[in-house]
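One structure is given here, and the rest of the page talks about it.
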Amino acid sequence: MRTPREVLKNIFGYDSFRRGQEEIVNEILSGRDVLGVMPTGAGKSVCYQIPAILSDGVSIVISPLISLMKDQVDALRSSGVNAAAINSAMGRDDARSALRSALAGKTPLLYIAPERLGGDAGEEFREFLSSADVSLVVVDEAHCVSQWGHDFRKSYLAIAPAIGSLPWRPAVAAFTATATEEVRTDIIRQLALDSPFVLTTGFDRENLFFQVEHPDDKMSYLLAYAKKFPDMPGIVYCSTRKKTESVCRELAAGGVRAVRYHAGLDDSERLKNQEDFIYDRATVMVATNAFGMGIDKSNVRYVIHYNMPGSVDSYYQEAGRAGRDGSPSDCILLYGDEDKSTVTYLITRGEDKNTMETAFRKLRLMLDYCHTSGCLRRHILNYFGERSSRGECGACGNCRSVIERHDITVEAQKIMSCVYRAAEKTGGRKYGAPVIADILRGHCSNASRMEQVTRFGLDAVSTWGIMKETDASEITYIIDFLTAEGYLASDEFGALSFTERSFPFLKNRTRLLMRRHGRGQKSKPERVPDGADAKRGFFSGVLAGAFRKTAGPEKRAVFSEELFGTLRGMRLEIAASEGVPPYAVFSDKTLQEMCGALPSDEGEMLSISGVGRMKFEKYGHKFMEAIRKWRER
Ligand code: ADP
Ligand code: ZN
């Protein structure tokens, strides 16, 4: 087993490398430093695990969280690789014996927390480093070393000096999912990477289905969704602890096996809930953004945001926890008007780590995501500076939407004229959506605004009262849509102005259609596309299964849900008896492929993606037996 491909097949059970993996493996093996920037779920682990397995000596993997280390070690052990972790939770003797076995060259991968490298706790470990044969140092979640990033950890600063003090400098491989240029440069500097090979794979996650909903009642939407997929693990993100509590309670009352997670709970409950979720004992995790970093559960089938996060960065990071195993998964954002004010409130209270201006700019782009009727995937990728050549993706809620479009040409003209007239009247001053809505309705919703409006003479502009019949919230909704589509610009404080699209629109009287999302939607869609549950009005990537015609080597198998359920049950039993998470046995994707291919001999079983030699020997016959029984029933 001497080539990377052989290791990929025999240990991990995969036939081909994913984008970027092979290059990184080869660069590391040639001794060069590497920085891999890859989205969650792209398959970073394989990139350093293969060189580690192929090298003599030990590879040290620095990882920020114990749970993450444990998962990785469990998964490697299940595949026959003698990995180990040392962490603060284990006794001294265990730690010593792990180090001894690494010194003896019996441990190709040793996972440690960064704290191990500095301070008093590190004495013993530094001694180990000075005599061990270290072939590679891996820094996982490398953005933690950067103060620009959102997860800066001081302990990461001890990494570079520790590497510097080694008798030989091994190759250093750093990995992160954070894309910004600032963070990337900072990682290279802070870790003192030596002319590294930098690989940035695209940020697209093809198996994720993106959707924005504006339901009248978020809770009933969520409940119906969770009940629709009773066996599928999902995460529901809420903006506050209080919301987390109430959503979890209501889901539980509705018969969903939900647990909660937020910073206000004591450690033991948090840990218990997290484990229940990871081990598939609970189906739905309702959490604040405190949950998720370092959680390596690969079979999360959906991430639903009950509230809008403050930026597309946060959104994509959280939503990206769905579908790490590559199976179709849903990322759904439930937008409500109150979300905008919650985020604004947090920003003005200084609870956002960015400067206020940056925070508002990010909020604007997040709001655009919620209101655009263009391709959601494209919106996200553009945000990360990726121009997609494909245009519309054909695999997001907007691209596949059956939601009716409404002609809002007249409303848009009125709103835009009002923005123009108000500015004209008052020497170019700009106003936010609430004032514009008041002018259009010819009525101020509060006294201080009325005072402002009369003082500036805004009640005398020609657009005063021309939308008397329309709700203020409806006007704001259309304004958000116009901003998202670039017909209006909104500065960081929400003040509106014209863009280069504004005059041409007014002049040419272009017809403008807006998707109405859930709002008061009465009429039924005429055509029910793949993935739509007509009864509930859902449109789901999980239901649709496959989105793109070119799914690459990891094609979707057509399979029996019943058999899938049986195999999952077996997996759960095995996992429980071995004390590892179910996905360390086989991923959902691997089981689904089995259900499609129905392997009946060793060769067929080994050709399933995710079945390596070791796993075949441990579990292969059991699963083949179950498949045989199912066929003969
Ligand atoms: P990341 O650390 O980048 O978030 P992981 O390393 O956890 O991603 O990989 C995500 C999933 O993809 C895992 O289930 C992993 O086993 C699987 N995977 C990795 N490489 C391949 C490959 N070449 N072919 C198929 N599946 C792969
Ligand atoms: Zn799309």
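Since we're looking at a predicted model, the values are computed, not measured.
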**Report entry** Verdict with reasoning, I574 to K622, per side-chain contact (heavy atoms from CB on, under 4.5 Å)
**Finding:** CA-CA 10 Å; I574 295 173; K622 248 189 192 162; 4.1 Å; yes

Ignoring hydrogens and geometry, is there a side-chain-to-backbone donor-acceptor pair from [X] to [Y] under 3.5 Å?
X    : Y    : result
R77  : A83  : yes
D471 : E474 : no
N398 : T372 : yes
S314 : G310 : no
R377 : C393 : no
K589 : S327 : no
Y306 : K243 : no
R568 : D231 : yes
R205 : P39  : no
R301 : P328 : yes

When rounded to the nearest 0.5 angstrom, what is the spacing between [atom1] in [X] and [atom2] in [Y]?
X    : Y    : atom1 : atom2 : answer
S311 : R361 : OG    : CZ    : 11.0 Å
I332 : I304 : CD1   : CD1   : 4.5 Å
F209 : D330 : CZ    : CG    : 6.5 Å
C331 : L376 : SG    : CG    : 10.5 Å
F291 : Q274 : CZ    : CD    : 5.5 Å
I479 : E411 : CD1   : CD    : 12.0 Å

(Q) Restricting to side chain to side chain contact (heavy atoms under 4.5 Å, CB included), what partner residues turn up for E625, sequence neighbours left out? (A)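 Applying side chain to side chain contact (heavy atoms under 4.5 Å, CB included) to E625 gives R628, K629.
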
By side chain to side chain contact (heavy atoms under 4.5 Å, CB included), E338 pairs with (sequence neighbours left out) K218

For the residue pair [X] and [Y], confirm or rule out a side-chain donor-acceptor distance under 3.5 Å.
X    : Y    : answer
S587 : T590 : yes
E485 : H371 : no
D588 : Q592 : no

Can you give me the closest heavy-atom contact between [X] and [Y], atom names plus distance?
X    : Y    : value
P599 : I627 : CD-CD1, 3.9 Å
F481 : L513 : CZ-O, 3.4 Å
H214 : C370 : NE2-O, 2.9 Å
M219 : V247 : CE-O, 4.0 Å
D71  : P581 : OD1-CG, 3.8 Å

Any heavy-atom pair between the side chains of [Y] and [X] that's under 4.5 Å?
X    : Y    : value
E318 : R321 : yes
T288 : T240 : no
L598 : W630 : yes
D368 : R364 : yes
M285 : V300 : no
R260 : N273 : yes
L208 : V303 : no
M514 : Y477 : yes

Compute the centroid of each ring, for [X] and then for [Y], and state whether the two points are separated by less than 6.0 Å.
X    : Y    : result
Y261 : F277 : no
Y383 : Y316 : no
F210 : H379 : no
H305 : Y315 : yes
Y225 : F229 : yes

| query | Taking it one step at a time, do E213 and Q211 satisfy side-chain contact (heavy atoms from CB on, under 4.5 Å)? | reply | CA-CA 6 Å; E213 294 278 356; Q211 165 97 312; 2.8 Å; yes

Carboxylate-amine/guanidinium contact R633 E562, below 4.0 Å
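Salt bridge flag = yes for E562 with R633.
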
| task | Answer yes or no: is there an ion pair linking D266 with R270, defined by an N-O contact shorter than 4.0 Å? | result | no

Go through Y302 and S329 one step at a time and tell me if the side-chain contact (heavy atoms from CB on, under 4.5 Å) criterion holds. CA-CA 5 Å; Y302 59 87; S329 308; 6.0 Å; no

Worked verdict on K297 versus D280 for salt bridge (Lys or Arg N to Asp or Glu O under 4.0 Å) = CA-CA 10 Å; K297 186 177 171 67; D280 286 351; 2.5 Å; yes

Tested for side-chain hydrogen bond (donor to acceptor under 3.5 Å, both in side chains) against S239, the lone hit among N307, T342, D339 is N307

Could you go step by step and tell me if R257 and V284 meet the side-chain contact (heavy atoms from CB on, under 4.5 Å) rule?
CA-CA 6 Å; R257 282 181 297 144; V284 177; over 6 Å; no

*asked:* Counting neighbours of NZ on K618 that are heavy atoms of other residues, nucleotides or ligands and sit closer than 6.0 Å, is the number greater than 12?
replied: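 Check passes, neighbour count above 12.
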
Self-check item: All pairs passing ring pair (Phe, Tyr, Trp, His ring centres under 6.0 Å) where residues 573-592 contributes a residue, at least two apart
Solution: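 As it turns out, the ring pair (Phe, Tyr, Trp, His ring centres under 6.0 Å) pairs with a partner in residues 573-592, which skip direct neighbours, are F586-Y619, F586-F623.
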
